[in-house]
Amino acid sequence: MESGNQIVEEPIIEVQGLLTKFDDHVIHENLDLSVKRGEVLGIVGGSGTGKSVLLRTILGLKSPDGGNIRVFGKDLEMLPEDERRAQERRWGVLFQEGALFSALTVAQNVQVAYREHLHMGQKLMDELAAVKIAMVGLRSGAADLFPSELSGGMKKRAGLARALALDPEILFLDEPTAGLDPIGAAAFDELITDLAHTLGLTVVMVTHDLDTLYATCDRIAVLAERRVILIGTIDDMLQSEHPWIREYFHGPRARAAFAGK
Ligand SMILES: Nc1ncnc2c1ncn2[C@@H]1O[C@H](COP(=O)(O)OP(=O)(O)OP(=O)(O)O)[C@@H](O)[C@H]1O
C-alpha cells in the first residue's frame, strides 16, 4: 500500500497556478500540485483531463501558459541550457510502451543516456547497463535483445532500466501497467515499490490502474475541472463526496481491487 520510503515534507516538485492550453482549449487552470521527496504519487482523472499533458509540462516538454513549476527548487523555464540539462539528468521517464529505440539492443538503449550525458569507455557503459538491467529483473541475456524480441512486460522493464540509467532522484511513469496482463502488472507494481524503497526515489505516475494505486502509492492526486481537486491517501479518496471520486473509488472495479487488501 505504501512505498515505505522516508518521505520529506519539503516539496521536490511544486506546481503553482498552472495554466496550460492548446489554442483556445484550456487544459489546466489554476492547478496546484506539490510532490514530497520520497513519496510515490499517483495521478488519476477521467480521460482527457490532462494527466499526460501535466507530466509533459513538468518535464519541460511543453511550456506553461501561466503559473510556474519548480523541480528541485528551480523553475526549468528560467534556467540556462546547461543547467536545464543538468536538471533533466536528475529524473528518469518511462513513457507508455517503454519508448525504446527499435534499432538498438536493450543494453544500447540504456547506454544512450551515458553517451549523451557522460564520457566513459564502452566497458564501463556495458557494466553499468548490466547493473540496471539486473535491477529491473531482466536476465542478463536480455541485454543483447532488440525491442522486437521482447514481450510487453520485458519492454516495460527495459524502458525502466533506461529511465534509471543516470540514477535519477525522480521517476516519472505514464501508465506503467497499461497493456500488461494482471500477473505482469502486479509484478511491475512490486518492482516499482521495491525500487522506490531501495533507491529512495520519488515516483510520479499517471495511472488508470486501481490495483497499482493500492499497491504502490502513498498519495493520489485527482485531476478534474482543470485542476487537482483532491490530493491525499486512499482513505481520503474513500471519504470524498465528489461524484467522480466516489464513482472511481467506490465503483465495482475499485471494490474488486480493494478485496483482500
Ligand atoms: N499536442 C496537442 N495538441 C492539441 N491538443 C492536445 C495535445 N496534447 C493533448 N491535447 C489535448 O489535451 C487534453 C488532455 O490530454 P491528455 O493526453 O493529457 O489527457 P489524459 O488525461 O492523459 O487522458 P487519457 O487518460 O485518455 O490518456 C485532451 O483533450 C487532448 O486532446
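Just so you know, ligand 1 is whichever comes first in the structure, and atom 1 is the first atom listed for that ligand.
Between Y214 and F249, the ring planes lie perpendicular to each other; the angle is over 60°, past the 30° to 60° tilted range.
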For ligand 1, find each of its N or O atoms that sits under 3.5 Å from a protein N or O atom, and tabulate the pairs with distances to one decimal place.
unit_1   : atom_1 : unit_2 : atom_2 : d
ligand 1 : 18 (O) : K51    : N      : 3.4
ligand 1 : 18 (O) : S52    : N      : 3.2
ligand 1 : 18 (O) : V53    : N      : 2.8
ligand 1 : 19 (O) : G50    : N      : 3.4
ligand 1 : 21 (O) : T49    : N      : 3.2
ligand 1 : 21 (O) : G50    : N      : 2.9
ligand 1 : 21 (O) : K51    : N      : 2.9
ligand 1 : 21 (O) : K51    : NZ     : 2.8
ligand 1 : 22 (O) : S52    : N      : 3.0
ligand 1 : 22 (O) : S52    : OG     : 3.0
ligand 1 : 23 (O) : G48    : N      : 2.9
ligand 1 : 25 (O) : K51    : NZ     : 2.8
ligand 1 : 25 (O) : H208   : NE2    : 3.0
ligand 1 : 26 (O) : S47    : OG     : 2.6

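Of the listed residues (I220, L213, I231, V44), just one forms a side chain to side chain contact (heavy atoms under 4.5 Å, CB included) with M237, and that residue is I220. For the side-chain hydrogen bond (donor to acceptor under 3.5 Å, both in side chains) test with T20, the passing option among K62, H28, R56 is H28; the others fail.
Panel note: side chain D189, backbone T216; no donor-acceptor pair is recorded below 3.5 Å.
For R70 and E14, the salt-bridge test fails: no basic side-chain N is under 4.0 Å from an acidic carboxylate O. A salt bridge between E88 and R84 is present, with a side-chain N of the basic residue lying under 4.0 Å from a carboxylate O of the acidic one.
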